[in-house]
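Below you'll find the structure, written out as structure tokens, and then a few comments.
One-based numbering, in listed order, for ligands and for the atoms of each. Atom set for the values below is all heavy atoms of this structure, side chains included, hydrogens, waters and symmetry mates excluded.
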Amino acid sequence: GFYLLHSSRSALINKFNMAVRLAVPYSTQKATTDFTTSLSTMTTLQSQKTLFINVSSGEMCNEVSNFVFVKTHKTGSTTLRSLTCRYGYFRNLSFLLGKQGVIGHLNQLNLVWTQNESNLLPPIGVSVEDHLNHRNYNISNIHVRYNGELIRKLMYRASDLKYFTILRNPTNQWLSQFQYFGQYRKAGLSLSSLPQTLIRYLKKLKERTGGFNNQLRDLGIHSSIAYNSSWLNETIPQIDKEYDLVLIMEHFDESLILLKKLLCWSFKDILYVKKRQQPNPLKINEATRKEIQKRNVGDEALYDYFLKVFWSKVEDYGPSFQKDLNQFRRMLNETWHMCVGKTVAEKSQDNYRYLETYVTDNSSEFCWALVNTNFQMDIEIVKRQGKTSDDRWPGLLKQSERKPVVKPQRRFPLRKGYKRKPIH
Ligand SMILES: Nc1ncnc2c1ncn2[C@@H]1O[C@H](COP(=O)(O)OS(=O)(=O)O)[C@@H](OP(=O)(O)O)[C@H]1O
């Protein structure tokens with residue numbers, strides 16, 4: 001795992017002591033070893049670039065702050081996006097964002113980018129009218145059908161960006177989208193009888209319809225490839241070359257340990273609260289699953305391939321993987337108790353769409369950003385990049401707590417009956 005240098009670590013690391021002491025502020029070193037204090041000192045660290053040492057290999061690495069996260073649909077991507085937003089928000093980094101949409105998703109990268117016009121929000125420090133300078137973004141993490149060439153034109157340090165995305169078991173991904181986006185309603189089906197009626201609906205679908213192979217599509221691959229096995233066999237290894245890491249939703253925490261290593265981030269950077277979780281996910285029988293699988297052939301091949309790549313990366317990580325994972329999970333648990341107050345199921349028509357979490361009273365700005373109720377932090381990010389209004393903002397913010405005024409605190413109140421456990 002990666003640790004900030006600490007003087008009591010091995011002789012190998014002591015070799016680098018001098019260099020790291022020069023590069024890393026003392027408060028940052030302390031932050032990694034004392035998690036509770038680290039949260040309260042978080043806001044003082046925002047603009048510091050941090051140099052870490054990889055304890056297992058003794059290698060030094062530089063924190064990566066320029067990256068492209070290709071956001072797929074219904075794959076845990078809002079959770080992943082939320083932590084990447086937090087990372088960039090506290091470091092004053094610029095996000096590639098569209099002018100339209102409540103939080104800047106572009107969906108299709110149909111770029112309007114001329115001297116007179118741009119459909120992007122400017123990066124920090126650039127005016128809204130300076131259209132040709134709507135580029136040099138540090139982070140791309142919105143929904144946008146991937147087009148590497150186009151994205152690279154817009155990003156800062158395009159040659160050394162890190163790329164990652166996330167995939168999910170394709171049947172569960174399809175079910176999640178079918179339910180969440182209300183596609184069952186458009187199909188004339190009711191949610192309560194879906195487990196029984198879905199199979200009939202699937203069998204009647206015309207070939208190549210029904211919103212299958214969406215993960216391939218989000219990665220910018222034309223749907224015709226999904227049904228052609230020789231093209232698939234050629235295309236998937238090419239996708240592999242484009243990405244430094246493909247996370248797997250079913251192994252979310254493990255994936256984040258790999259991401260932390262790739263980006264040379266701290267444990268604190270990868271902490272998260274689950275977003276967009278449906279309280280009543282569909283449960284279907286094996287025969288229905290098979291019908292979905294048959295149509296999702298492209299996504300199935302994609303997922304199988306990257307699941308293998310994922311496990312080989314875990315193996316390459318070495319024996320400290322389990323220890324790091326355990327440490328991370330302890331921190332997740334502690335953070336949850338510290339930051340999360342109530343959880344509410346948000347309803348839309350006949351469906352409870354997702355669970356929304358709210359911060360505890362008097363919590364810190366870190367907790368506010370971690371919990372990110374109703375996209376509050378995303379809204380601050382688009383505002384910071386020149387978006388002045390959106391009809392949906394008041395509606396989103398209405399139910400949520402206001403952004404707290406932050407006073408650094410040493411300790412945070414715990415829920416009644418919860419005992420704080422040491423992290424190490
Ligand atoms: N950490 C973690 N681990 C496991 N699963 C997780 C996690 N975070 C989100 N989720 C599940 O991801 C689904 C939401 O995906 P997205 O955020 O990508 O949806 S969206 O396309 O942005 O609307 C949604 O799946 P369903 O509940 O099946 O719909 C979430 O429950």
Donor-acceptor contact present, side-chain D244 to main-chain Y163, <3.5 Å: yes
Can you tell me if Y354 contacts ligand 1 (heavy atom of the residue under 4.0 Å from the ligand)? no
Please confirm whether [X] and [Y] have ring centers closer than 6.0 angstrom.
{"X": "W311", "Y": "F306", "answer": "no"}
{"X": "F252", "Y": "Y272", "answer": "yes"}
{"X": "F178", "Y": "Y201", "answer": "yes"}

Please write down residue, atom name and distance for the protein heavy atom closest to [atom].
{"atom": "atom 23 (O) of ligand 1", "result": "K74 NZ, 3.0 Å"}
{"atom": "atom 8 (N) of ligand 1", "result": "T79 OG1, 2.8 Å"}
{"atom": "atom 18 (O) of ligand 1", "result": "S77 OG, 2.6 Å"}
{"atom": "atom 10 (N) of ligand 1", "result": "G76 CA, 3.8 Å"}

Run down the list [options] and name the one with the heavy atom closest to [atom].
{"atom": "atom 9 (C) of ligand 1", "options": "K275, H251, R276, M249", "result": "K275"}
{"atom": "atom 13 (C) of ligand 1", "options": "R81, Q277, H105, R168", "result": "R168"}
{"atom": "atom 2 (C) of ligand 1", "options": "K274, Q278, H143", "result": "K274"}

Proximal ligand 1 atoms for [X], defined as those under 4.0 Å from one of its heavy atoms:
{"X": "S176", "result": "25 (O), 26 (P), 28 (O), 29 (O)"}
{"X": "Y272", "result": "1 (N)"}
{"X": "K71", "result": "22 (O)"}
{"X": "T78", "result": "16 (P), 17 (O), 18 (O), 19 (O), 20 (S), 22 (O)"}

Does R329 come within less than 4.0 Å of E254, counting only side-chain N to carboxylate O? yes
Is the shortest side-chain N to carboxylate O distance from K71 to D218 below 4.0 Å? no
Could you point out which residue of E250, R289, K74 forms a side-chain hydrogen bond (donor to acceptor under 3.5 Å, both in side chains) with N172? R289
Report, as yes or no, whether the 6.0 Å neighbourhood of atom OH on Y156 holds more than 12 heavy atoms from other residues, nucleotides or ligands. no
Would you say H73 and ligand 1 have an N/O pair spaced under 3.5 Å apart? no
Per the ring pair (Phe, Tyr, Trp, His ring centres under 6.0 Å) rule, which among Y146, Y243, F67, F310 passes with F164? F67
